[in-house]
Student: 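Right, I'll just put the structure down here and ask away after.
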2 protein chains.
Amino acid sequence: MDLTERKLKILHAIVADFIHSAEPVGSRTLSKKYDLGISPATIRNEMSDLEEMGYLTHPHTSAGRVPSDKAYRLYVNDLMGRYELPEEEKRIISENIQTNVMELENTIEHVAELLSKLTNLTSFAITPRQDTNKLKYINLLPVDEQTIVLMIVAEDGKVINKALRINVPYTLENLELLAKAMTQTYRGRTISDVLTLDIIKYFETDIEAMSRLAESIMPNFMKTLENMLNVDLYMEGLTNIFSIPEYNDIDRARMFLEMVNRKKDFTDVLVNRDNGVIITIGNENSNEIMQDCSLITADYRINGKLVGKLGVIGPTRMKYDEVTSVIKYMTDNLSSAFQITEGDFDDEE
Amino acid sequence: MDLTERKLKILHAIVADFIHSAEPVGSRTLSKKYDLGISPATIRNEMSDLEEMGYLTHPHTSAGRVPSDKAYRLYVNDLMGRYELPEEEKRIISENIQTNVMELENTIEHVAELLSKLTNLTSFAITPRQDTNKLKYINLLPVDEQTIVLMIVAEDGKVINKALRINVPYTLENLELLAKAMTQTYRGRTISDVLTLDIIKYFETDIEAMSRLAESIMPNFMKTLENMLNVDLYMEGLTNIFSIPEYNDIDRARMFLEMVNRKKDFTDVLVNRDNGVIITIGNENSNEIMQDCSLITADYRINGKLVGKLGVIGPTRMKYDEVTSVIKYMTDNLSSAFQITEGDFDDEE
DNA sequence: GATTAGCACTCGAGAAAAGTGAGTGCTAAC
DNA sequence: GTTAGCACTCACTTTTCTCGAGTGCTAATC
C-alpha cells in the first residue's frame, strides 16, 4: 500500500492534533477541525489503512486513533514544518546567554533552566568526556596542618580542586616541590593516559618526608582524576512531568523520575548519543525504560570543539518542531557567544 | 484534664501503631494488639478525652484515631525510647565514612545518599554559610587567549574556581601581578566584608593594560564571591517519596517534589535552623507548605567548627526514633572522623 | 470505482446504587 | 469506674446503568 498525498495529509493532521490535545483523534473531529475536503467515512477508511501500515494505533475499538512511534518519525522527518521561534523567545534566550557569557559553567545551568521553562519539559545539560583533555598544571595548597587543597588544571581550562585530609606533616617547601614535580611529570598527558601509569611507584624519592607526602596524596590524586573523567550532568524542570497528562498517573510519574534520577545510567545514554540535533522517539531508544519517551539533544561547540550537549526528555507526544527550534537556537547562540574572534585553536573531538 | 499514666500508655500505643501502619487506629485493634488490660470501650472513652485535649484527630466519624502534631511532639519528647541502631547499620555507616574520609565534599554526598537509603526518606546535606570565612589567596591562571581561571581560596580550605572569558588581551606577567595585588588587598578579610567594598575603583592603576584587565575581571570576581556565600545543597532519595502511602496521591507527591526542588527556599529553611539535633513536626514548621512534613536535622563539626548540616524530610508519620538515631550516629561519626588529634584551631561558628 | 450517508455495535468513562465493615458513641448493667 | 451491647455512621468497594464518541460495514450516490 502507498502513502498517498491524502494519507500523508490525514496523518499529519492526526499527529498535529494529538500532540496538541493528548486525546485520541476521531474521524469526525478530524473532518470538522481540518479542511480536508472529505467526509468522516472516507477518513475512516484511510485511517484503517494507516493503521494497517503501522502508523496509527487504537487504544480500544471505540476510541480514536493515536500516532505510533513510526508516525512521529515520519512527522519529524517529512511533515512538520520549520517552526519559527517568536521574537520574544529569541530575545530571552540571547539575553540570557549574553549576560552570563563570562562564566561558562553557570551559563550552562541557566540555559538548561531556561530550556525547561520554555518547553515545559525536563531539560538537561552535560559536559563532554574528558578522556582526551590534557593536564596543564597541578597545584598543592596548604590550608591547615592536616588539610591541603589539590588543584588540577586541564588545558581546556577545566579546573578541579579537592580539599584533602592528609595524615603526615608537611612543609610548605615539600608541598611546592611535589606540585612542581607532578606538573613536570604529567603536563601535556591526557587524563586517561595518566590513569594508566603506576602513579604511586612513580614518586619514590630519597627524601623520606617527601615520599611520605606523595604516598599520602597520590591515591587521592588518582581518585580525583577519575572524577574528572566523569561528565557533569545538570537537570532542570523535573517536576514539569506532572503537568503532562500522560504522567498524571503516580506510577508512570514515579518511573520517569526514578529513571532520570539514576544519574549514572542516564548520563551514559546521553554521552553515547551522536552529535548534531538528534531526536530519538519512543522505541528508537535502546534503553528499555525510555521507550515511551522522546529525547532531543544537540551539542554546542566553541571553535569547533565540543563543549557540551543540551537536551530535553518528555513523552513521545511532544511539540517536536518547537522544542527542536528552541534547542537549536540555544546551542547556536551558545556556540557563537563563546566564539573566539580569531579561530586559532586546534580542532578536537 | 490530666494526662494520666493510662492515657500516656494509650497515646504511645496509638502513635507507635500509626507510625508503623499509616492507618487510623481503632479501639479494638489497640486492645487486641497491645496488652493494655482494658476493654475497647474504656479505650474509646480515653481516646475521646485525648481527642478533646488535642492529641488525636478523627478523619471521619467511623474511622480510627490519628495522632496530631501535638501528639508527635509529646511522643518525641517523652514517650519514644532510645533506639539502638543495629550493629550492621553502624558498621555500614562507619565504613562509608572511613573510606571516604580524605575528601570532605564527596564524603558528605555519600553520607547523604546512605542516609536516604537507611531511612527511606529524602535526605539532604548543606554546607554552612560562608559569611565569616576569610579569603586566603586569589590566583589567576591563563588558559587561552580569551580564557583565564579565577581561583579563590578561603582560610578554611574552601576553594572556588571559575573559568572566565575576558575580552582584553593579557600577559602572563600582568595576570600574576594582578593576582598578587588582589591577594594582598583581600587576604584576611571576610567574604561579606570584601563584597561591601567598591572593588572596581579599588584597582585603578597607572598601567593601562593592567587596569583594563582588572576591569574585566573584577565584576566576575564579585559575582564569584557572591556565589561563594551561597551554601551548597545536596539532595538524595527524592523518589523515596513515592513509597510513602501518604504521598500515593499525584498532587501531594507533586507538591512535595516542587517544594524541595525550590532549592533556594528550601536551603533558606535549612540554614536558619538551630544547631544540634533538631526535630520540627508538621505545623511547627513556619514554612506553610511544609506543614505536613517533619524535618530532622543535625549539624556536624570539626574541632568545634560547624562544617555542615545533615537531615531528612518526610511525612509527620515518621520513625522518629530510628531516623534520629541514624542521623545522630552519622554526624557523630563524621565529627570524630575528621577530628584533628591536637585541637589547636579557634572555635568559629 | 471512489465517496458518502446511515446504522448497528463497541467499549470506556462516569454516575448512581447497593453492599461491606471498621469504628464510634451512647446506654445500661456489672 | 469499667464494660458489654447495640444502633448508627461513613468511607470504600463493587456492581449496575447510562452516555456518547467512535468504529466498521453496507448500500446508495456521484
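Values in this document were obtained by computation on a predicted structure and should not be read as measured data. Residue numbers start from 1 in every chain, and the chains themselves are labelled A, B, ... in the order their sequence lines are given, proteins ahead of strands. Hydrogens, waters and symmetry mates play no part in the numbers below; they use all other heavy atoms, side chains included.
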Student: Side chain of A/Ser62 only, heavy atoms from C-beta on: which candidate in D/dG24, C/dT10, C/dG25 is closest?
Tutor: C/dT10
Student: It should be established whether B/Arg6 places a side-chain nitrogen or oxygen under 4.0 Å from OP1 or OP2 of nucleotide D/dT2.
Tutor: yes
Student: To the nearest Å, how far apart are B/Leu50 CG and C/dT24 C1'?
Tutor: 15 Å
Student: How do A/Arg44 and B/Pro59 order along DNA chain D: which one's closest nucleotide is nearer the 5' end?
Tutor: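 Upstream on the strand: B/Pro59.
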Student: Donor-acceptor pair under 3.5 Å: do we get one between B/Thr61's side chain and the base of D/dT9?
Tutor: no
Student: To the nearest angstrom, how far is A/Lys7 atom NZ from C/dA2 atom C1'?
Tutor: 12 Å
Student: Rounded to the nearest Å, what distance is computed from the CZ atom of residue A/Arg28 to the P atom of nucleotide C/dT4?
Tutor: 14 Å
Student: Starting from P on D/dG22, measure out to CD1 on A/Ile43 and report it in whole angstrom.
Tutor: 12 Å
Student: Does C/dT4 have OP1 or OP2 sitting under 4.0 Å from an N or O in the side chain of A/Ser39?
Tutor: yes
Student: Looking at A/Lys9 and A/Glu5, is there a salt bridge between them, counting it only when a charged N and a carboxylate O are closer than 4.0 Å?
Tutor: no
Student: Dump the intermediate steps for side chain to side chain donor-acceptor pair (under 3.5 Å) on B/Arg273 and B/Thr280, then the final yes or no.
Tutor: CA-CA 10 Å; B/Arg273 289 166 75 79; B/Thr280 48; 3.0 Å; yes
Student: Please check the phosphate of C/dG23 (OP1 and OP2 only) for any side-chain N or O of B/Thr29 closer than 4.0 Å.
Tutor: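 Looking at the OP1 and OP2 atoms of C/dG23, one of them is under 4.0 Å from a side-chain N or O of B/Thr29.
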Student: What's the CG-C1' distance between A/Asn45 and C/dT4, to the nearest Å?
Tutor: 10 Å
Student: Taking atom P of C/dC26 as reference, at what distance in whole Å does atom CG of B/Asp49 sit?
Tutor: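 These atoms are roughly 12 Å apart.
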Student: Base, sugar-phosphate or nothing for A/Ser27? Non-hydrogen atoms, less than 4.0 Å.
Tutor: sugar-phosphate
Student: To the nearest Å, how far apart are A/Leu56 CG and D/dG24 P?
Tutor: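 Value for this atom pair: 11 Å.
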Student: Measure from NZ or CZ of B/Arg252 to the centre of the six-membered ring of B/Tyr247 and say whether it is under 6.0 Å with the direction within 45° of the ring axis.
Tutor: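 Verdict for B/Tyr247: a cation-pi partner in B/Arg252.
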Student: In whole Å, I'd like the distance from the NZ atom of A/Lys33 to the C1' atom of D/dA21.
Tutor: 14 Å
Student: Regarding A/Arg82 and A/Glu84, does a basic nitrogen lie under 4.0 Å from an acidic carboxylate oxygen?
Tutor: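 Looking at A/Arg82 and A/Glu84, the cut-off is met.
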Student: Counting heavy atoms from C-beta on, name the nucleotide in C/dG12, D/dC6, D/dT23 closest to the side chain of A/His60.
Tutor: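 My answer, after comparing the listed nucleotides, is C/dG12.
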Student: State whether B/Thr42 places a side-chain N or O below 4.0 Å from either non-bridging phosphate oxygen (OP1 or OP2) of D/dT2.
Tutor: no
Student: For B/Lys7 and B/Leu50, indicate whether the former's side chain and the latter's backbone hold a donor-acceptor pair under 3.5 Å.
Tutor: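 Not a single qualifying donor-acceptor pair exists.
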Student: Closest to the B/Met47 side chain: C/dT24, D/dT9, D/dT23?
Tutor: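 Taking heavy atoms from C-beta onward, the closest nucleotide is C/dT24.
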Student: It should be established whether A/Arg65 places a side-chain nitrogen or oxygen under 4.0 Å from OP1 or OP2 of nucleotide D/dG24.
Tutor: yes
